[in-house]
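Atoms considered below: every heavy atom in the structure, side chains included; atoms not considered: hydrogens, waters and symmetry mates.
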Amino acid sequence: MPSRTKRILIIVLALAGLVGLAYIAQHGLRPPGGAPQTAAAGGAPGRPGAAGPAGSGPAGGPPLSVETARVVSTSLALEATAVGSLRSNESVVLRPETAGRIAQINFRDGSAVRKGDLLLALDGATQAAELAQAQANLALARTNHQRTQDLFARKFVSRQALDNAEATLKVQEAALLLAQARFERTRIRAPFAGVVGIRSVSIGDYVKEGQDLVNLEDIGTLKIDFRLPESYLSQIRTGQRIEVTSDAAAGRQFSAVLDAINPLVEAGGRAISLRASLPNGEGLLRPGMFVRLRLILASRPNVLLVPEQAVIPDSKAPYVYRVVDGKALRAAIVTGQRREAQVEIVEGLRQGDEVVTAGQLKLREGAPVRAVGEAAQAAAAGAKPPAGDRPAAASSRDSTEAARTGSR
């Protein structure tokens, strides 16, 4: 029993000692008349530049650097875009009307020819002989007709003899025209001015009637075939201007004119077939090429535009950040058409408003901002703030350092 009591007494004294140590630790470190020091106090008391209260947010910090742009007012064209194919103004594949052997080829592949130029000639010895015979028969018929007329005037022949001579003359004239037509079938001429393609025959080849010989293309003016949805039917009309671009002529823009509108709307795709004409004097474009078209339907004045980088999509409505008195303010907008990296603003902004185009992800409502362009201009000009305009915190730090140096 005495040993048990002794153990209990030791435990009680140990607990009392622990309580005493805890009390000293709690109240012995508190400075007189002040709150206990903590790491959140912001450093040594009285030191310049101590941090402010936590949770001040961006509104209490330095301005954020952003890129901005002004809302501009301009004329905006109502347009329809499409893709089309180029066609020759005139195009034909030359074929012979009669069979025969090729005797002449009077052109070079890919060369320009004039209307009526002789391009190919078939062996026409037989047709030439028939033509000579018809010419001789016609000459004889004319002589007989003249002689009969003289005799009839002298009353030496009857009226029937004169009629027979006139009929014979007409028959020989028709025979000459027939022989000339047969001979011309052996001569293939250019039906219009243009550029010939690559021939598929040579001199001495025997060609059949209707066989392909060479193509001829008029590419001085090109046709553009394209289609638009039927919803544009009330807005399109002949004579409208079309802007044309092609990958084969990068950086170039061509101007075309709408020439024809097909009166039939395709039942399958509910589309309207259209055709435009495009001058091609430089020869940069060729038939069969793919082109992009922009049909100008109308023009609207005083349309507000902003760079598309300024518009932030949202589930409810797109918005932008306006810069007002150095602060970013969120503004909901209603957008319209998009063209060349510009977005039409229907509602929400006015002409001249300054909007943020880069740096929106780190912005909050009312956050202070600074346009990067202004800072860049100041840096390029080498502008430095005068000594009298230095920040107060820096002046305080300089005074403190001077005081410490003097005390040493």
Go through the steps for Glu217 and Ser91 under the test side-chain hydrogen bond (donor to acceptor under 3.5 Å, both in side chains), then give the verdict. CA-CA 5 Å; Glu217 311 289 337; Ser91 177; 2.8 Å; yes
Please tell me if the side chains of [X] and [Y] come closer than 4.5 Å, counting only heavy atoms from C-beta onward.
| X | Y | result |
| --- | --- | --- |
| Leu162 | Gln149 | yes |
| Ser111 | Val195 | no |
| Glu79 | Leu295 | no |
| Leu284 | Phe254 | yes |
| Pro301 | Ser75 | yes |
| Asp218 | Ser88 | no |
| Leu228 | Phe226 | yes |
| Pro191 | Val92 | yes |

Exam field: side chain [X] to backbone [Y], donor-acceptor pair closer than 3.5 Å:
| X | Y | value |
| --- | --- | --- |
| Gln211 | Lys208 | yes |
| Gln360 | Gln309 | yes |
| Asp205 | Val207 | no |
| Asn262 | Ile272 | no |
| Thr357 | Glu67 | yes |
| Arg70 | Gly352 | yes |
| Gln172 | Ala136 | no |

Atom of [X], atom of [Y] and distance for their closest heavy-atom approach:
| X | Y | result |
| --- | --- | --- |
| Ala134 | Ala179 | CB-CB, 3.9 Å |
| Leu304 | Ser73 | CD2-CB, 3.9 Å |
| Ile105 | Val201 | CD1-O, 4.0 Å |
| Ile333 | Ala317 | O-CB, 4.5 Å |
| Ala99 | Tyr206 | CB-OH, 3.4 Å |
| Lys362 | Leu64 | O-CD1, 3.4 Å |

Point-to-point distance, once rounded to the nearest 0.5 Å, from [atom1] of [X] to [atom2] of [Y]:
| X | Y | atom1 | atom2 | value |
| --- | --- | --- | --- | --- |
| Ile188 | Phe107 | CD1 | CZ | 9.0 Å |
| Leu122 | Phe183 | CG | CZ | 10.5 Å |
| Asn215 | Ile198 | CG | CD1 | 8.5 Å |
| Thr81 | Leu293 | OG1 | CG | 9.0 Å |
| Glu365 | Leu329 | CD | CG | 5.0 Å |
| Ile236 | Thr238 | CD1 | OG1 | 10.0 Å |

With a 4.0 Å cut-off, would you call [X] and [Y] a salt bridge?
| X | Y | value |
| --- | --- | --- |
| Arg189 | Glu184 | yes |
| Glu209 | Arg185 | no |
| Asp123 | Arg101 | no |
| Asp163 | Arg159 | yes |
| Lys223 | Asp259 | no |

Take Arg187 and Glu97 through the salt bridge (charged side-chain N to carboxylate O under 4.0 Å, His left out) test and state the conclusion after the steps. CA-CA 10 Å; Arg187 301 294 186 265; Glu97 298 183 46; over 6 Å; no
Go through the steps to decide whether Leu305 and Val303 satisfy the test side chain to side chain contact (heavy atoms under 4.5 Å, CB included), and finish with yes or no. CA-CA 6 Å; Leu305 297 177; Val303 177; 4.2 Å; yes
Evaluate the criterion side chain to side chain contact (heavy atoms under 4.5 Å, CB included) for residue pair Thr221 and Leu278; output intermediate values, then yes/no. CA-CA 6 Å; Thr221 299; Leu278 171 66; over 6 Å; no
Considering residues, nucleotides and ligands other than [X], do more than 12 of their heavy atoms fall under 6.0 Å from its [atom1]?
| X | atom1 | answer |
| --- | --- | --- |
| Leu15 | CG | yes |
| Arg87 | CZ | no |
| Arg294 | CZ | yes |
| Gln253 | CD | yes |

Can you pull out every side-chain hydrogen bond (donor to acceptor under 3.5 Å, both in side chains) where at least one residue sits in residues 126-145? Sequence neighbours excluded, please.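 Qualifying pairs, neighbours excluded: Asn144-Arg147.
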Please confirm whether Arg330 makes a cation-pi placement over Tyr321, using NZ or CZ under 6.0 Å from the six-membered ring centre and within 45° of the ring normal. no
Give the C-alpha distance, both sets of side-chain angles, the deciding distance and a yes or no for side chain to side chain contact (heavy atoms under 4.5 Å, CB included) between Gln180 and Leu177. CA-CA 5 Å; Gln180 287 178 338; Leu177 294 177; 3.8 Å; yes
Before giving the answer on side-chain hydrogen bond (donor to acceptor under 3.5 Å, both in side chains), spell out for Ser273 and Glu266 the whole-Å C-alpha distance, their side-chain angles and the decisive distance to 0.1 Å. CA-CA 8 Å; Ser273 297; Glu266 297 180 7; 3.2 Å; yes
Should Arg241 and Ser255 be marked as a side chain to side chain contact (heavy atoms under 4.5 Å, CB included) after you check the CA-CA gap, both sets of side-chain angles, and the distance that decides it? CA-CA 7 Å; Arg241 187 172 60 89; Ser255 180; 3.8 Å; yes
